[in-house]
Amino acid sequence: MTRSDGYLLEQRRTDVHRQNGTHREAEEHPQAEAPLQAEAAERLDAFADLFDPTTFRHLEAVGVGAGWRCWEIGAGGASVVAWLAKKVGPTGTVLATATDVTRLAPAARPPVEVRAHDIGAEEPPTGGFDLVHARLPLLGVADRARAVRSMAGALRPRGHLLVEDTDPALQPLACPDEYGPEQRLANRLRQGLRKLLHDQGEDPGDDLAQGRTLPRLLREAGLSEVRADAHFPIAAPACAALESATVRLARDRLVTAGVATTQDIDHHLAHIADGILDLATAPMVSAWGRKA
């Protein structure tokens, strides 16, 4: 599993494990890495399809324009980076940072600079930014309030901060309309995976309610004009793509732990392929504010 929904939290957490070199399956069986990478790319593409329009809507409302200096934090893919680069033009700059910049490397051309950076452990870049944007930035960050203060502190006067994160506890089901056995199976698999991760110490629990805390964290960081909303995709093709890729990658883990049988998983994947499930993701909470 890696980041970007079906099981947003679960995928993101395992992605961090892979970046830290602790993905044992890939280490012990290098031949398995190719399908892992393919499914990771599939999930990132589906995630962008689901949430880029909401992100772009908020960035448009902020008024990003020519000459702006922007910091894009934790970019898993290059879609938002490319959008910002087009908006700021040759007179602006876009600094794109992540702990693993492999997927960002192709975007590293003016006005984009790509740099490895850990928002949870390192000081922010200097120079001041008109915009700081972060989507799913706080996974694994011990002191989230400090990380948000770091983002806010990097703003120029009257600069804008937009932070987006999921809140699976607000909507924990794969199929909110649980009207038949196919939907019940989908929900059982999602809940089973979540419990599995919790039992194995990979899910501390508070990550499930992270999105709702963003407005408070922005206010506590000293920002004004703080607002927030949430986007809740359901019955979109990209929801199905995320679910399928996640279940395929989590198959062995679910079976080994006794969460599901191989037949359960094969049936669920067939239901996804047949298009009979109105699959959903966790809500994405977007919170924004401005420096005085």
Side-chain angles (χ1 to χ4, degrees), residues 3-5 7-9 11-12 47-65 68 70-77 79-81 83-84 87 97 119-120 124 129-173 176 204-234 236 238-239 242 280-292:
R3 99 197 256 185
S4 308
D5 216 307
Y7 310 99
L8 270 167
L9 169 71
Q11 296 163 13
R12 289 161 51 207
F47 185 80
D49 287 345
L50 286 171
F51 293 110
D52 276 1
T54 297
T55 295
F56 297 157
R57 173 172 59 85
H58 287 301
L59 293 175
E60 287 278 13
V62 163
V64 181
W68 277 41
C70 303
W71 179 19
E72 173 69 15
I73 300 172
S79 58
V80 178
V81 174
W83 189 95
L84 287 171
K87 286 291 184 180
T97 65
I119 187 61
F129 296 92
D130 301 294
L131 168 74
V132 175
H133 172 248
R135 193 164 69 186
L136 307 180
L138 301 178
L139 176 68
V141 174
D143 190 342
R144 296 166 185 164
R146 179 190 176 279
V148 173
R149 288 196 301 271
S150 180
M151 299 177 207
L155 293 171
R156 291 174 172 172
R158 304 304 294 163
H160 301 264
L161 173 61
L162 170 63
V163 185
E164 302 178 289
D165 216 328
T166 56
D167 200 310
L170 282 175
Q171 196 300 103
L173 300 177
D206 56 350
D207 279 341
L208 294 173
Q210 192 162 284
R212 71 192 70 181
T213 69
L214 293 177
R216 171 173 55 83
L217 293 178
L218 266 62
R219 287 195 304 272
E220 291 175 351
L223 299 186
S224 61
E225 304 174 36
V226 174
R227 302 289 186 274
D229 65 15
H231 177 54
F232 170 32
I234 184 170
C239 290
L242 284 168
T281 71
M284 175 73 75
V285 178
S286 302
W288 59 95
R290 199 167 189 182
K291 189 172 183 177

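All figures in this text were calculated on a predicted structure; none of them were measured in a lab.
- Side-chain contact check for Leu136 versus Met284: some heavy-atom pair is nearer than 4.5 Å.
- Sorted by first and then second residue, the side-chain hydrogen bond (donor to acceptor under 3.5 Å, both in side chains) pairs with a member in residues 219-228 read Arg158-Glu225; sequence neighbours excluded.
- Of all non-hydrogen atoms in Arg146 and Asp143, the two that sit nearest each other are N-OD1, 3.0 Å.
- Note that the CZ atom of Arg212 and the CG atom of Leu217 stand 13.0 Å from one another [nearest 0.5 Å].
- Residue His133 forms a side chain to side chain contact (heavy atoms under 4.5 Å, CB included) with just one option from Val62, Ile73, Val64, Thr55, and that option is Thr55.
- We find the CZ-OG1 distance between Phe51 and Thr281 to be 3.5 Å, quoted to the nearest 0.5 Å.
- In this structure, NE2 on His160 lies 4.5 Å from CH2 on Trp68, to the nearest 0.5 angstrom.
- Nearest approach of Ala221 to Val148, heavy atoms of both residues: CB-CG1, 4.1 Å.
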Problem set entry | Test log, rule side chain to side chain contact (heavy atoms under 4.5 Å, CB included), inputs Asp130 and Trp71 | CA-CA 8 Å; Asp130 301 294; Trp71 179 19; over 6 Å; no
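- With salt bridges taken as basic N to acidic carboxylate O contacts below 4.0 Å, one links Asp52 and Arg135.
- The CG atom of Leu162 sits 9.0 Å away from the CG atom of Leu218 when rounded to the nearest 0.5 Å.
- Between His58 and Trp288, the distance from one ring center to the other falls under 6.0 angstrom.
- For the pair Leu223 and Leu155, the minimum side-chain heavy-atom distance is below 4.5 Å.
- Summarising the geometry, atom CD belonging to Gln210 is positioned 4.5 Å from atom CG belonging to Asp165; distances are rounded to the nearest 0.5 Å.
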